[in-house]
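Only a predicted model underlies this, so the values are computations on that prediction, with no experimental measurement involved.
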Amino acid sequence: MIKKQGLILALIFTVLLQTACTASADACPAPASDTKLFMNAEDGYCLLYPAEYSTALPNHIVINPAVGPGDVLGDAWASINVESADGLTAAQFADEEIASAGPGLNIRRTGAKVDGEKAVIVDGLPGQDSMRKVFIVHGDRLYTLTFAPWLANARDLEQPTPLGELYTTIMDTLHFLPPTKAL
């Protein structure tokens, strides 16, 4: 009888421990006095960003937003696009993007981990603005993070820039959630 009660207590403790671990794994990062929480439950992610930046445009975080008309969002920005991965990996998406750019460009590719997932960082892709793209696949969804204009941040590598700091904050705090909307 005592063994049976001990076994039941151990089983209850195990279930409670698993529940606590799952709840903390699905939790978004907590904002501090200088950061805010950006959550997109439909696409299944959340992250922190510096409190003084704007999130008025969907899926964009803008540094010093432009007030007048034109095609410039602000001094710099990060955007997050989510689409079906169709069974492909982040590396395959990065390879495709690099191949479509063509030969002869100084495109650099590095790897990273974001919330436990393999990420591929690509610098030097051609476009209207210089940019850094980060490709991440989670739950058969491709998350493409674009930081632009990226080369403007390479002027003085010793001095952190607002976009460089935004990049670091996003990469360190991006957390995947179960999406609430199908693609």
Side-chain angles (χ1 to χ4, degrees), residues 15-16 18-32 34-66 71-74 76-101 109-123 125 127-129 131-150 162-163 165-183:
V15 168
L16 289 173
Q18 286 177 335
T19 303
C21 289
T22 302
S24 65
D26 287 340
C28 290
D34 59 343
T35 58
K36 288 185 179 179
L37 178 65
F38 183 93
M39 182 187 301
N40 185 326
E42 287 184 351
D43 286 332
Y45 68 90
C46 57
L47 55 87
L48 297 179
Y49 69 95
E52 68 270 16
Y53 298 165
S54 169
T55 57
L57 291 171
N59 302 320
H60 281 74
I61 300 168
V62 182
I63 300 170
N64 298 325
D71 62 351
V72 176
L73 301 176
W77 56 89
S79 67
I80 303 167
N81 184 53
V82 181
E83 59 190 284
S84 175
D86 293 326
L88 299 176
T89 66
Q92 290 170 312
F93 280 104
D95 290 343
E96 184 179 305
E97 187 100 11
I98 292 168
S100 70
R109 172 192 171 131
T110 54
K113 283 267 190 186
V114 177
D115 197 24
E117 298 288 359
K118 290 181 183 179
V120 179
I121 303 163
V122 180
D123 290 313
L125 290 168
Q128 179 178 348
D129 292 309
M131 68 186 109
R132 168 172 276 187
K133 281 193 171 185
V134 180
F135 300 91
I136 310 163
V137 171
H138 176 79
D140 203 37
R141 287 176 183 244
L142 170 65
Y143 295 81
T144 305
L145 288 63
T146 304
F147 300 86
W150 189 253
L163 186 58
E165 290 173 356
L166 177 60
Y167 168 79
T168 300
T169 301
I170 289 174
M171 294 291 282
D172 289 348
T173 65
L174 178 66
H175 178 68
F176 297 107
L177 304 167
T180 60
K181 179 181 163 189
L183 289 175

Measure the shortest side-chain to side-chain distance between [X] and [Y] over non-hydrogen atoms and say whether it is less than 4.5 angstrom.
{"X": "S84", "Y": "D140", "answer": "yes"}
{"X": "I170", "Y": "V134", "answer": "no"}
{"X": "E165", "Y": "P50", "answer": "no"}
{"X": "F93", "Y": "V120", "answer": "no"}
{"X": "Q92", "Y": "V137", "answer": "no"}
{"X": "L174", "Y": "D115", "answer": "no"}
{"X": "L48", "Y": "L37", "answer": "yes"}
{"X": "T35", "Y": "T173", "answer": "no"}

Grab the two heavy atoms, one from [X] and one from [Y], that are nearest each other, plus how far apart they are.
{"X": "L166", "Y": "Y49", "answer": "CD1-CB, 4.1 Å"}
{"X": "A112", "Y": "M171", "answer": "CB-CE, 4.3 Å"}
{"X": "A182", "Y": "R141", "answer": "CA-NH2, 3.9 Å"}

State the [atom1]-[atom2] distance between [X] and [Y], to the nearest 0.5 angstrom.
{"X": "L125", "Y": "R132", "atom1": "CG", "atom2": "CZ", "result": "11.5 Å"}
{"X": "I63", "Y": "W77", "atom1": "CD1", "atom2": "CH2", "result": "10.0 Å"}
{"X": "N81", "Y": "L142", "atom1": "CG", "atom2": "CG", "result": "7.5 Å"}
{"X": "E42", "Y": "L177", "atom1": "CD", "atom2": "CG", "result": "12.5 Å"}
{"X": "K133", "Y": "T144", "atom1": "NZ", "atom2": "OG1", "result": "6.5 Å"}
{"X": "D95", "Y": "R109", "atom1": "CG", "atom2": "CZ", "result": "4.5 Å"}

Report all side-chain donor-acceptor pairs from residues 52-59 shorter than 3.5 Å, counting only partners two or more places apart or in another chain.
| from | atom 1 | to | atom 2 | distance (Å) |
| --- | --- | --- | --- | --- |
| S54 | OG | A56 | N | 3.2 |
| N59 | OD1 | N40 | ND2 | 2.9 |
| N59 | OD1 | Y45 | OH | 3.2 |

Under the side-chain contact (heavy atoms from CB on, under 4.5 Å) criterion, do K118 and T89 qualify, and how do the steps go? CA-CA 9 Å; K118 290 181 183 179; T89 66; over 6 Å; no

Holding to side chain to side chain contact (heavy atoms under 4.5 Å, CB included), I want the full list of residues that pass it with S79, two or more places apart in sequence or in another chain.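 For S79 the side chain to side chain contact (heavy atoms under 4.5 Å, CB included) partners, ignoring immediate neighbours, are H60, T146.
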
Test of understanding: with ring pair (Phe, Tyr, Trp, His ring centres under 6.0 Å), list the residues that count as partners of Y167, not counting sequence neighbours.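 Residues passing ring pair (Phe, Tyr, Trp, His ring centres under 6.0 Å) with Y167: F147, W150.
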
